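Worksheet for the structure shown next.
Whatever order the structure lists ligands and atoms in, that order sets their numbers, starting from 1. This structure is a prediction, so every number in the text was calculated from the model and none was measured.
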Amino acid sequence: MESQEAPAVSAKRLELTPKALIHHKYGRTACYRIEEVKQHVENDCPGLVIPQQFRSLYRCHLDLPDLSFTSDMFPKKKDAEQAAAKIAIEKLGIHSTSATNDLTPEGASYELVARISGLFTDEFLSSTHPLTGHFGVAFGVMREHFGMIPISAITTCDVKVHNLCKVINSKAESDPLLVSSLILNAARKCSSLCTATDELWIWKEAPYSPEAIASVINHHSESLGCVQIEALRIPCSIEENVEALTLDVSNEHYYLDLIAQKLNVKDSSRVLVSRTVGKASSEMKVYFPYPEVPHFSDSSSGLKTSSEGKVSIEPIINQRASYLSGQDIYGDAILANIGYTWKSPYLFYEDVSLCTYYRMLLAKFPDGHYKLSREAILAAELPTAYTGRSNWKGLAPRDLLYAFCRLHKFSEPVFSITRINADASLSVTQRKSNSSKPTDEVDIANGDVSDVGEKNLDNSSIFRCEVKILSRRLEPIVEGSFTDTYRKESDAIQCSALKVLLWFDKYFKQLDMPVEVLSSSGHAHGIIVHAENLSHEFAMCSSIFGSTKNDNLRECSSLESFCKYYPNRKEENGMVVLNIEGPDSGVFPSPGSLICISYAVALVKIGDPVKDHLEGKDEFEFEVGTDAVIHQLEACATQLSVNQSAHFVIDMPSRDLILAAAGDAIKDLSKLPLYNCFLEYSVKVLRVPEPLEDRMEKALFSPSLSKQRIEFAVQHINECSAATLVDFGCGSGSLLNSLLEHTTTLEKIVGVDISQKSLARAAKILHQKLSLNSGVPTSIRQAVLYDGSITVYDSRLSGFDIGTCLEVIEHMEEDQAFLFGDVVLSSFCPRILVVSTPNYEYNSILQRSAVPTTEENTAPCKFRNHDHKFEWTREQFECWATDIALRHNYSVEFSGVGGSSDVEPGFASQIAIFRRSSFNTAETYFKTEDSSQPYELIWEWADSQHLK
Ligand code: SAH
Ligand code: MG
């Protein structure tokens, strides 16, 4: 097979391969899907036991915006792809590019005439072209219009006609009326064809051969019976709701006639049709009445008379339908999924539900595609940060931005990446990201850190990325010129794409923003807004969504009415939490970690026991702290420990959103008044996937690295007989808690952290052990927890015997780590300070070791933990420590846990031990005059005997 394919592909020098030709025509909208077919290989020798009984063959499906083609089976995927492309080219009558590209408008007019007359021939009738389905009806059931084809049948079926119209007049792309007019004009130029002055039919003067007619009738005859098809009416007036309607399709009727009836026009020739809407089906189209303009019959040159200065009534544009289809639609319209296709001689049809409509609308929002890709319309929100591929769920930001631009008919976003070499510190190369396939590339780049990630890290380059969004006509709309730098090129791209999307998201929430506000709002986000172009592009949105907002205005919020109804319930953070069930397992999400929940959302009417289920998932994972879900959901989920569940209620979101989510429940909901209703969310925390760091520390070291750090600290506490200890960045209190179980010289322990959640957990555990007298014998008489930043001095923590800061500095930005070094040695001045942090050089060992895990989230991140802002090599750490020690009169010595200092690459966790120089008296250190106490006391315990 290969040898047959090859010459056809490569011999003709100037000829493009079928795939290249398809790419040229369709760009990224052409999508190849490879299907693997395992074929049983007949064994010639029955007794032979050789395991190779199957071989793989590949079949390729090529999806184009309107159509889909399937190749035969080939042993090689690439041959299957070329074959599918070839079939598409043949069926669509695509000429090699040189032929279509060089077409002048005049040439195209000529070709259009030829194409249209070609459609009305005996040969054409015996083809499998979808238009033959219409001919089947025209000869079969149409009495009055026997053999006549409405113009819209041609527009709806023939891609070639469309492409020629676009060459003749580029506005044809967005103007179905213009397409019809061009077709009609072309038909009038065909001597063989007839048109009527006042009619929109085309037919052939001379008769077809009886065989051709018989075959086309036979080919398309099917016993449909009578089927009911759901379609939607999209009224022209925005005040009226989009509603479901039913088409009774049968053998007796032409489907375009049924649509004509619903549109209240004379016959099917008066129906105009858009191109394909949405991606779900090639036959999803908008139908609308041919706008009746006075003097139409006088106009011989076209259907539109306005340009000729005649008195004409401008047809009223249907904003919603136009916005949805990206084409000019007039009057009341119908959205239906029906028509003849290449795939089968029979009429294709599928229901269009209201839900489909609202989902298509939602997809056009900057955050809509994300919600849809996660299938969590009522739960997900476009996250405000991209912290790496393994934490990001759903379509990646770059893909979302591509989709957003495609849906709004912009050109593709332009990413410019600047690579900065750390040593040269100046931009060295600038290039355009011409990666045309966003999905694959990013996944590869992020999926394999040991390969791509480290390559970028090693040569110490950093990346910056700018993004331009241009209209179809290449006018700038917004430009994101971001100065942030990233260690990985793909991170730079994703983060920039996200920033642009977030800005669009903000813009969509206030579409009526005045121009000046627009520019300044962009400025704050590093975005240059070309306000005029922007307003022009989104003019339609503001009128559509401006008015949908109104249906949300209610006399009182549903939450208020809820609280009136249940007076013992309190509203907080825009929600009412109902109850928390299940025992506290003590396992909570940590900052930057993922959380896996199950949830369900129901619509509840006050006083009605029946709830409508709207949305839910058995497993839903998201990153804590990036606003990846609605804030009430995150607030609720992070209060729960693993295995606990809770309910909460919130106000109704916009009606559109509910309808997009509702699925099957929609029929009743569309009529529902939305006041006195609210949404009830039920949430259960299933698990909190441990960060890679924790898994590795447990799996690869015995005792675990964290235990070893604690042992290390205990050893130093006892060596210097410390009585007072402060744990900087104590987190959930793992050290403080363990100290209660060790015999130490300590009497007072204090912890400080900025995470209130961690502090709450620390307090809970310490409280259980100390106050509830769990019988642990301990020398400790006093324990205190403060909320505050360790880069800020608080006099209550100064001059302690020992300070510990275990695995904390890497959670701060580097400059903050330097600041902490100064503050701790110049102001807190512990006698001894123990600081630990990961040794970056050790990561290669950790990453090579397979950590057994059942969770899907195993993609290694660039650092050991998603929340790490940096990880230092031994040299970097020693530099930091030596410098601050020197400046503040401390000595420093280096050690570590996990591994050994003698074996490369050193310890897994590196530790610096600082000692206050003995010749310094405490007084020279303590700024007694500075008695600031910015920390907030969170929890305190003191032994009652100690208090006396
Ligand atoms: N020392 C703990 C926790 C390490 S996790 C242990 O070994 O288990 C890092 C902790 O540093 C987090 O709890 C985080 O909230 C805290 N942290 C980060 N920046 C901080 C800052 N500027 N001030 C106080 N705590 C900080
Ligand atoms: Mg850490």
Distance filter under 4.0 Å to [X] heavy atoms, resulting ligand 1 atoms:
| X | result |
| --- | --- |
| Cys730 | 2 (C) |
| Met812 | 19 (N), 22 (N) |
| Ser755 | 15 (O) |
| His811 | 5 (S), 9 (C) |

Whether [X] side chain and [Y] backbone form a donor-acceptor pair below 3.5 Å:
| X | Y | result |
| --- | --- | --- |
| Thr626 | Thr384 | no |
| Arg761 | Gly733 | no |
| Tyr935 | Ser789 | yes |

With only distance considered, is [X] within less than 3.5 Å of ligand 1 through an N or O on each side?
| X | answer |
| --- | --- |
| Ser734 | yes |
| Gly729 | yes |
| Glu807 | no |
| Val808 | no |

Any side-chain heavy-atom pair from Arg915 and Val892 closer than 4.5 angstrom?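 They are not in contact (no side-chain heavy atoms under 4.5 Å apart), so the answer is no.
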Glu807 and side-chain hydrogen bond (donor to acceptor under 3.5 Å, both in side chains): which partner among Ser706, Ser734, Ser836? Ser836
Show your reasoning for whether side-chain contact (heavy atoms from CB on, under 4.5 Å) applies to Glu940 and Leu785. CA-CA 6 Å; Glu940 184 171 20; Leu785 293 175; over 6 Å; no
Of the side chain and backbone of Ser732, name the one, both, or neither that has a heavy atom under 4.0 Å from an atom of ligand 1. neither
NZ/NE/NH1/NH2 to OD/OE distance under 4.0 Å, Lys769 and Glu741: yes
Touching ligand 1 at all, Gly788? Heavy atoms, strictly under 4.0 Å?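 Within the 4.0 Å threshold, so yes.
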